[in-house]
Amino acid sequence: MRRYGPAVLLALVGTAILRVSLFSELYLRYVQAGLRPYLVVSGAALVLLAVAVAGVARGAAVHEAEGHGGGDGDGGGDGHEGAGEHAGHSHSDTHSHGPAGPRVAWFLTLPALALLLFPPPALGSYSAEREAAQRAAQGVGTFPDLPSGDPVDLALGEFGSRAVYDSGRSLKGRTVRLTGFVTRDGDGTWYVTRLLVSCCAADATTAKAEVRGVEAPPVDTWVTVTGTWHPEGELGSTEAWPPVVDVTSLRRVRQPDNPYEKR
């Protein structure tokens, strides 16, 4: 059975990738939507490679069996030599190592099984709170006009950029609607938060807005808040971050299929 270990491992990894990318939207917890075709192709390639490796292993097993059968048909040979050869095979079989690899290699299947059966959740408040306070410097400037009509739906990343860097104050007097998950500080301040990714979850950074005017739901609850921007500090200053929104209504929502915003 050990000779089929590589094939089993390849098949498990390929099946796990196909499960999260082809048969569900779970891949959005790891990468951007545009990378889905590459994941599907990779998963399919691993499954096909597993089939090929299993075929090669089966062929080698048949060849080996035929070789042993031919040796038995010779009929001659010293009995002691046969006994020694038999002992040699017994010694080899009682050990786990050899061309097929040690039995401990089967533990490599555990991560693939875990991904297949128990995909991890999307990043949440813990990841958001770990981000360093340092943020890349961005120059103050003007932004395009917002769409007409209130409330205007904004991504948290865009809301934060306009609140902190927009010299045209395009948010002033406008009602905005923001969606994200709840995070909190130790002093009770709470935020509606979203993680921004460029490629995958590994490069995630945080966009958030401090919420005032309503009680905080439990941490990691997804909410949509509606309210108005509350200016704080000078444009581009550390006092202006994170931006503040005076909320007039809050609604709990389910986590979207894609929990991240594109950076």
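The residues of the chain are indexed from 1 along the displayed sequence. Values reported hereafter were calculated over all heavy atoms of this structure, with side chains retained and with hydrogens, waters and symmetry mates removed. Since the model is a prediction, treat every value here as computed from it, not as a measurement.
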- Enumerate the residue pairs fulfilling side-chain hydrogen bond (donor to acceptor under 3.5 Å, both in side chains) with a member in residues 151-160, sequence neighbours excluded, ordered by first and then second residue. D153-R177, E158-R162

- Query: Side chain of T226, backbone of T248: donor and acceptor closer than 3.5 Å?
  - Reply: no

- Message: Using only atom types and a distance under 3.5 Å, with no angle test, would you say the side chain of D185 pairs donor to acceptor with the backbone of D187?
- Response: no

- Query: Listed by chain and number, what are the side-chain contact (heavy atoms from CB on, under 4.5 Å) partners of V214, not counting sequence neighbours?
  - Reply: W190, V211, V247, L250

- List in chain and number order the residues that pass side-chain contact (heavy atoms from CB on, under 4.5 Å) with L18, two or more places apart in sequence or in another chain; answer none if no residue qualifies. L22, F23, V40, V47

- Output all residues satisfying side-chain contact (heavy atoms from CB on, under 4.5 Å) with V253, sequence neighbours left out; order by chain, then residue number. T179, W222, T224, R251

- Item | Partner set under side-chain contact (heavy atoms from CB on, under 4.5 Å) for D145, not counting sequence neighbours | none

- Query: Only one of V192, L195, T193 forms a side chain to side chain contact (heavy atoms under 4.5 Å, CB included) with K208, so which one is it?
  - Reply: T193

- Message: When you group the ILVMFWY residues by side-chain heavy-atom contacts below 4.5 Å and let the links chain together, are Y191 and V225 in the same group?
- Response: no

- Query: What pairs with S237 under side chain to side chain donor-acceptor pair (under 3.5 Å), at least two apart in sequence or on another chain?
  - Reply: E239

- Query: Checking side chain to side chain contact (heavy atoms under 4.5 Å, CB included) for the pair R194/L178: CA distance, chi angles, key distance, verdict?
  - Reply: CA-CA 10 Å; R194 205 74 178 257; L178 311 171; over 6 Å; no

- Taking side chain as C-beta onward, heavy atoms only, is L146 less than 4.5 Å from L171? yes

- Which pair of non-hydrogen atoms, one from R174 and one from V152, has the smallest distance, and what is that distance? NH2-CB, 4.2 Å

